[in-house]
Amino acid sequence: MKKITTIAGDGIGKEVMEAGMIVLESLDLNYDFIESKAGYECFQKCGTTIPEETLKNARKSSATLFGAIDSTPGEKSPIITLRKELEVFANLRPIKSFEGVNSLFKNVDFLIVRENTEGLYSQIESFEKSENGKVTKSIAKRIITQKASMKICEFAYKKAIENKKKKITCVHKANVLKKTDGIFKDSFYNIINKYSQENPQIIANDYYIDATAMYLITKPQEFEVIVTSNLYGDILSDEGAGLIGGLGLSPSANIGDKNGLFEPVHGSAPDIEGKGLANPVAMVLSISMMLEFLKEEYYANKINLAVENVLKKGKTITPDLGGTSKTMDVAISIKDELEKLI
Ligand code: NAI
Ligand code: MG
């Protein structure tokens, strides 16, 4: 039987994973789920934030579902390690407003495509020390290769076509970071030139990251697909989540040539941990993205519809959306709605 690795992690990661599994296990799918460890609790028990066995399970699975983890000071990040190990170079973060949700904006619907393997998240950092051993400087290397930039821009372009979008925006800071972001921006226009004759309907433009941060809160409906480097994409996707009702609604997919890793955008949320307050919708929508990747489009679409219906009714929603329901109540009402739709 084909396999899906599940890594619940820490804090609300465990809570939203349990909730998501209620929805996932209600479907008639032929997958075995392999529960695996990663994160802070895992570090305390096994001395590593991500055991080799977890990586092995993820490598041999058709897809991996990830909750969230607490950071472990001084130790490598399990999620960044997984993204590298699985060579999932594209991080997709859809930002879509939902009817019935009290949010800053309505009719927002864009996709952030974030480069996932390099940039400032290459994790190549060092200290310079004075003669008496005191740290005087810290340095982070920001690596941007032409190969990875071309690959992510081409991927984003193809996603735009596939999703019938008409506009693609490259976000960078090439006026200051002339060499690194210069390569990124040039790669983007190389891809645009390569495909523009085939797809005259696609409008391409580019903005600086700082201006984009402003445009997202002044005219978010203008965006359709954003392609950008690792750190910028991370920041803009949290801003995007804020436009449509918060991190509890934001799913993500990490896609490679062979593998897929799916996770809500949010972290382990220690401020609400253990209280049943976590919104499971981001996790449920990440499951939908995973099913789409696994070519189970029928179930993926039904899950999206079930979530839309539950949010529209507004009866079973968690406190982040103004409701009083618990994590599990929301998961059960999505599952019940799904059963009606299938
Ligand atoms: P966070 O995403 O955990 O929380 C930010 C805010 O959003 C908090 O107020 C939290 O209560 C709220 N929130 C997040 N998810 C929610 C949900 N599903 N329902 C309702 N409210 C929700 O980010 P924060 O506080 O910066 O980081 C907390 C920990 O998570 C840190 O240790 C951080 O390193 C880790 N982290 C892990 C990530 C991952 O596992 N991929 C991603 C981001 C942070
Ligand atoms: Mg983030």
Side-chain angles (χ1 to χ4, degrees), residues 6-20 36-44 49-50 54 58 64-84 86 88 91-93 95 98 101-103 112 114-116 119-121 123 228-254 261-287 307 311 316-331 334:
T6 62
I7 304 171
D10 301 308
I12 67 161
K14 288 188 278 189
E15 298 166 38
V16 296
M17 181 64 82
E18 195 186 340
S36 300
K37 291 192 186 69
Y40 182 71
E41 267 183 35
C42 168
F43 176 73
Q44 286 182 314
T49 51
I50 179 142
T54 298
T64 297
L65 188 63
F66 189 90
I69 39 104
D70 286 334
S71 63
T72 308
E75 295 299 315
K76 64 180 175 188
S77 156
I79 189 69
I80 294 180
T81 306
L82 265 172
R83 287 174 187 157
K84 273 203 193 133
L86 299 178
V88 283
N91 191 326
L92 306 185
R93 297 183 160 194
I95 307 288
F98 289 95
V101 171
N102 186 11
S103 55
I112 296 179
R114 159 187 172 193
E115 204 291 321
N116 225 7
L120 251 184
Y121 287 6
Q123 295 193 103
T228 191
S229 56
N230 210 333
L231 172 71
Y232 303 156
D234 195 8
I235 296 171
L236 291 183
S237 50
D238 275 32
E239 186 183 354
L243 302 174
I244 52 123
L247 283 169
L249 298 176
S250 283
S252 80
N254 302 268
L261 167 67
F262 302 83
E263 44 162 344
V265 170
H266 63 75
S268 58
D271 55 337
I272 56 166
E273 173 184 356
K275 298 178 185 148
L277 300 176
N279 189 344
V281 166
M283 173 53 102
V284 172
L285 294 174
S286 303
I287 290 173
V307 167
L311 293 175
T316 327
I317 50 171
T318 42
D320 54 314
L321 302 181
T324 53
S325 303
K326 299 278 184 188
T327 310
M328 282 303 160
D329 300 332
V330 177
I334 296 171

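When a ligand or atom number is given, it counts from 1 through the structure's own listing order. Keep in mind that this is a model prediction, so the values were computed, not measured. Residue numbers start at 1 and run along the sequence shown.
Excluding waters, the count of protein N/O/S atoms less than 2.8 Å from the Mg ion (ligand 2) comes to 1.
One finds no salt bridge joining Glu15 and Lys326 here, because no Lys/Arg side-chain nitrogen approaches an Asp/Glu carboxylate oxygen to under 4.0 Å.
No hydrogens or angles considered: nothing links the side chains of Asn116 and Tyr121 as a donor-acceptor pair under 3.5 Å.
Counted within 6.0 Å of OH on Tyr40, heavy atoms from surrounding residues, nucleotides or ligands total 12 or fewer; the atom is thus considered open. Other residues, nucleotides and ligands contribute at most 12 non-hydrogen atoms within 6.0 Å of the NZ atom of Lys37.
Of the inter-residue distances, the one linking Phe98 atom CZ with Ile244 atom CD1 reads 6.0 Å to the nearest 0.5 angstrom. The distance from atom NZ of Lys76 to atom OG1 of Thr49, rounded to the nearest 0.5 Å, is 6.5 Å.
Qualifying side chain to side chain contact (heavy atoms under 4.5 Å, CB included) partners for Gln123, counting only residues two or more places apart in sequence or in other chains: Ser77, Ile80, Lys84.
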Residues 264-275 side chain polar contacts: donor-acceptor under 3.5 Å, at least two apart:
residue	atom	partner	partner atom	Å
Ser268	OG	Asp70	OD1	2.4
Lys275	NZ	Asp271	O	3.2

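Within 4.0 Å of ligand 1, the residues that place a heavy atom are Ile12, Phe66, Ala68, Ile69, Asp70, Ser71, Leu247, Gly248, Glu263, Val265, His266, Gly267, Ser268, Ala269, Pro270, Asp271, Ile272, Ala278, Asn279, Asp320, listed by chain and number.
Taking 4.5 Å as the limit, every side-chain heavy atom of Leu65 sits out of range of all side-chain heavy atoms of Ile7.
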